[in-house]
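Each remark here refers to the structure printed beneath this line.
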Amino acid sequence: MSSLNLFGNPLRRWFGGSQRETVPVKELRERDRRRMLKHFLALEKPDRLLRFGSQLPDEQVTKYVNGIDFGRDLVFGVYNRVFKLVAVGHLAFAPKEPSKSGVTDKERVAEFGVSVLKTARGLGIGSKLFERANIACRNNDVDTLYMHCLSSNQTMMHIAKKAGMEIHRDYGEADAYLKLPPADPASVLQEAMQEQLATIDYALKANVRAAAKLLDKLPGHKPDN
Ligand SMILES: CC(C)(COP(=O)(O)OP(=O)(O)OC[C@H]1O[C@@H](n2cnc3c(N)ncnc32)[C@H](O)[C@@H]1OP(=O)(O)O)[C@@H](O)C(=O)NCCC(=O)NCCS
């Protein structure tokens with residue numbers, strides 16, 4: 001499947017012509033929770049291990065998704081052209097631990113976890129979600145972003161290194177952290193623009209999906225698939 005088919009992104013040309021298609025990263029809310037659960041349950045066993053650091057059973061994954069606090073954390077997602085949630089990034093904010101007081105002067109730190117469905121990998125989605133998490137940290141007065149993953153996770157290590165993260169490996173696991181500059185007008189504008197465009201993209205895809213469902217119910221209409 002080509003990247004164009006994957007997103008069917010009507011906003012593509014607004015951004016100019018890079019090799020990779022623009023990835024519309026949308027902030028997810030309560031209404032997306034059901035689709036988030038579907039996304040996590042669709043991850044294959046090895047990917048679930050990489051994402052959560054252990055082989056979480058379905059009930060634990062459900063508990064995790066139901067426990068996400070949209071008032072405290074930020075969750076980002078990418079929908080494909082048929083309104084399937086193909087990627088989720090969870091940026092969890094937490095008070096700075098006293099042991100980490102030398103790392104940052106800020107009151108909070110953030111930790112990022114990300115997953116992209118197999119069918120949507122290699123298109124820059126994971127990197128884009130990570131980049132959005134960076135900007136969101138800056139705009140929320142957080143200058144330290146952590147990521148915890150298995151050190152065998154070559155792809156995530158690559159993304160982390162590319163972003164300039166400092167990586168500490170320990171017994172098969174890796175803790176990576178990134179120091180971020182403070183917010184500036186460009187970072188605020190960048191996040192607002194990305195969110196607005198992703199919101200239009202989201203509405204278009206949701207409406208097309210709703211219309212297709214209605215069409216399928218019409219007498220005599222043969223669904224495409
Ligand atoms: C890690 C993950 C999120 C990456 O998503 P993705 O959308 O495929 O990532 P991207 O397309 O943005 O980038 C992949 C990069 O890794 C590189 N890469 C892919 N496989 C690689 C490997 N085996 N070794 C090193 N680099 C690799 C790609 O070349 C690409 O690099 P580039 O942007 O410099 O060309 C996805 O593989 C995933 O969901 N894995 C399972 C869950 C997980 O591991 N989560 C991370 C822990 S929180």
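Source: prediction; values computed, not measured.
- The shortest distance between side-chain heavy atoms of Tyr79 and Arg35 falls below 4.5 Å.
- Counting only heavy atoms from C-beta outward, the side chains of Thr144 and Lys106 never approach each other to under 4.5 Å.
- By the 4.5 Å heavy-atom criterion applied to side chains, Leu180 and Val142 are not counted as neighbours.
- Within the 4.5 Å cutoff, no side-chain heavy atoms of Val116 are placed close to those of Val86.
- The two atoms that bring Asn140 and Arg108 nearest to each other are O-NH2, 3.1 Å, heavy atoms only.
- The pair Arg138-Asp143 does not meet the salt-bridge criterion, since no charged nitrogen lies less than 4.0 angstrom from a carboxylate oxygen.
- Ion pair Arg132/Glu191 flagged as a salt bridge, since at least one NZ, NE, NH1 or NH2 atom sits closer than 4.0 Å to an Asp/Glu carboxylate oxygen.
- Relative orientation of the Phe52 and Tyr64 rings is perpendicular, given thresholds of 30° and 60° on the angle between their planes.
- Remark: Arg81 does not engage Asp201 in a salt bridge, criterion side-chain N to carboxylate O under 4.0 Å.
- Counting all heavy atoms, side chain and backbone alike, Val114 lies closest to Arg51 at O-CD, 3.2 Å.
- Glu195 places a side-chain heavy atom less than 4.5 Å from the side chain of Thr199.
- Residues Tyr202 and Leu204 fail the side-chain proximity criterion, which asks for heavy atoms closer than 4.5 Å.
- Look at Glu107 and Lys96 and you find no salt bridge, because none of the NZ, NE, NH1 or NH2 atoms lies under 4.0 Å from a carboxylate O.
- In this structure, His158 and Thr155 have side chains that are not in contact, with every pair of non-hydrogen atoms separated by 4.5 Å or more.
- Considering only heavy atoms from C-beta on, Leu178 comes within 4.5 Å of Phe130 through its side chain.
- No more than 12 heavy-atom neighbours from other residues, nucleotides or ligands sit within 6.0 angstrom of CZ on Arg34.
- Residues Ala42 and Leu117 approach most closely at CB-CD2, 4.2 Å, considering heavy atoms.
- Under the 3.5 Å distance criterion, with hydrogens and angles disregarded, a donor-acceptor pair is assigned to the side chains of Glu173 and His148.
- Between Phe76 and Ala133 the shortest heavy-atom distance is CE1-CA, 4.2 Å.
- Contact between Ala110 and Leu91 at its shortest, heavy atoms only, is CB-CD1, 3.8 Å.
- A cation-pi arrangement is absent between Arg29 and Phe70 under the rule of less than 6.0 angstrom and at most 45 degrees off the ring axis.
- Atom CD of Gln55 sits in a crowded spot, with more than 12 heavy atoms from other residues, nucleotides or ligands closer than 6.0 Å.
- When every heavy atom of Arg48 is checked against every heavy atom of Leu41, the shortest pair comes out as NH2-O, 3.5 Å.
- In Lys38, the NZ atom is not crowded: 12 or fewer heavy atoms of neighbouring residues, nucleotides or ligands sit closer than 6.0 Å.
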